[in-house]
Amino acid sequence: MNKKRVTRTIAAVGFAGSLFGLMTTGAFAQETSATSSFQARYAHNVQVENTLLAKAQAAMPGGTTSTYAASVQSINAQSAALYSAYQTLLATRTAIPKAPTIKTNREHMLQERNHLELVINQDKNHYNYDQHHHARIAARVTANDLHLALLQLNSVNYQLEHRDTASSTWNVHPLDNGVTALEQSILDLQMSAMHYTNVWIGQEHAAASSTVPASVYGLAYQSSTVTLPAVGAPTVVDAVAAQPVVKTQTGAVLQNQGVYSLSGPTGATGVSIESANGTLLVAPGATAGLYTVTYTQQGVSETVQVNVAP
């Protein structure tokens, strides 16, 4: 009976030793997945930045250069250079061998150890209470053998734990921290480039809005009523007495660069306007009636009415 226990114990120790041969490639799969995730984020950021750049460059008024253009160009260049270095580093990393992870069945080994401790305790009891000399000697020998087996099993457990620790150290690849830091640096640079490109777009919009009229008011003529001249009399001139005031959305006053136009009664003749300065001309025999003068500058306008009386 005791011999069977010793044989079973030795078999358990042999099983524990065989666990050294079990390997796994989980670390490689996880590493590949992380690299793929970074590559996808990098490609997405490149696409977004290219779209923003096209928008920023198209918004530059009159071919002017944004103060952010040089900075954005430099950041994008550095990001591209780091990505090139990153690809070289990946190729270098794949050439460095890795130690595989040892996978141990500790639950089974603990069960075996608990079983050994129970057998040892039983044999100790037999040794203490068996009065027969030869039986006591046999029990003592068996207990010693089992105790030795337990010490061997503990030694195997320690070695396995030590190997697991060493394997974990190997699986944190010597270049992994550098690769991860480089990935984060590249993504940070891309985020910075996109941020300043958006600022660039905002700057160009602000520059454009500072030259776009938002309102116009104040147009007035020297006379709101012009008496129709008699036949043979000179043409009557009614000039602009107050130029229209043109302002941006922020209230900045712009230079007058608009156009004057005229509308009046259907089929009217003899009344005209100079489009550049708004001077109204009324010739003898012109059609009497109410005329509307419109001043227009880049989409905004103001109207005033002038009466041509008979």
Side-chain angles (χ1 to χ4, degrees), residues 21-104 163-212 214 248-250 298-299:
L22 296 179
M23 308 299 178
T24 182
T25 58
F28 294 93
Q30 182 178 6
E31 179 180 303
T32 301
S33 176
T35 300
S36 299
S37 175
F38 164 75
Q39 298 279 14
R41 293 178 63 187
Y42 176 84
H44 172 74
N45 289 344
V46 168
Q47 182 179 6
V48 172
E49 174 63 5
N50 287 338
T51 301
L52 291 174
L53 279 175
K55 185 176 181 180
Q57 291 166 351
M60 289 193 294
T64 60
T65 302
S66 168
T67 56
Y68 288 93
S71 298
V72 169
Q73 182 179 5
S74 175
I75 294 172
N76 281 326
Q78 294 301 322
S79 175
L82 284 183
Y83 183 73
S84 179
Y86 169 79
Q87 290 179 309
T88 302
L89 192 60
L90 286 184
T92 302
R93 183 177 65 177
T94 56
I96 300 178
K98 285 190 175 183
T101 303
I102 298 176
K103 184 178 180 181
T104 60
R163 288 290 297 273
D164 282 344
T165 302
S167 177
S168 298
T169 303
W170 270 101
N171 276 285
V172 177
H173 200 277
L175 294 181
D176 277 353
N177 290 337
V179 169
T180 302
L182 187 55
E183 289 176 345
Q184 189 59 52
S185 295
I186 293 171
L187 293 176
D188 287 345
L189 281 176
Q190 286 185 307
M191 294 301 295
S192 178
M194 288 186 286
H195 168 74
Y196 286 113
T197 306
N198 274 314
V199 174
W200 175 0
I201 293 173
Q203 180 194 58
E204 299 301 346
H205 284 172
S209 64
S210 67
T211 61
V212 175
T248 66
Q249 291 181 348
T250 59
Q298 295 185 23

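We're numbering straight along the sequence, starting at 1.
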**Request:** Working to the nearest 0.5 Å, report the span between CG of Leu52 and CD of Gln47.
**Result:** 11.0 Å

**Complete:** Sorted by chain and residue number, the side chain to side chain donor-acceptor pair (under 3.5 Å) partners of Tyr196 (sequence neighbours excluded) come out as none

Donor-acceptor contacts, no H, no angles, side chain residues 72-84, under 3.5 Å, sequence neighbours left out:
unit_1 : atom_1 : unit_2 : atom_2 : d
Asn76  : ND2    : Glu49  : OE2    : 3.0
Asn76  : ND2    : Val72  : O      : 3.3
Tyr83  : OH     : Gln39  : OE1    : 2.5

**Message:** For a side-chain contact (heavy atoms from CB on, under 4.5 Å) check, start with the C-alpha distance between Lys55 and Trp200, then their side-chain angles and the critical distance, and finish with the verdict.
**Reply:** CA-CA 10 Å; Lys55 185 176 181 180; Trp200 175 0; over 6 Å; no

**Item:** Exercise: identify the closest heavy-atom pair between Ala85 and Leu182
**Value:** C-CD2, 4.4 Å

Side-chain donor-acceptor pairs under 3.5 Å in residues 185-194, sequence neighbours left out?
unit_1 : atom_1 : unit_2 : atom_2 : d
Ser185 : OG     : Ala181 : O      : 3.0
Asp188 : OD1    : Gln184 : NE2    : 2.9
Gln190 : OE1    : Asn45  : ND2    : 3.0
Gln190 : NE2    : Tyr42  : O      : 3.2

**Message:** Measuring from atom OG1 of Thr248 to atom CD of Gln298, what distance do you get when rounded to the nearest 0.5 angstrom?
**Reply:** 11.5 Å

**Asked** Quick one: does Tyr68's side chain get under 4.5 Å of Thr197's, heavy atoms only?
**Response** no

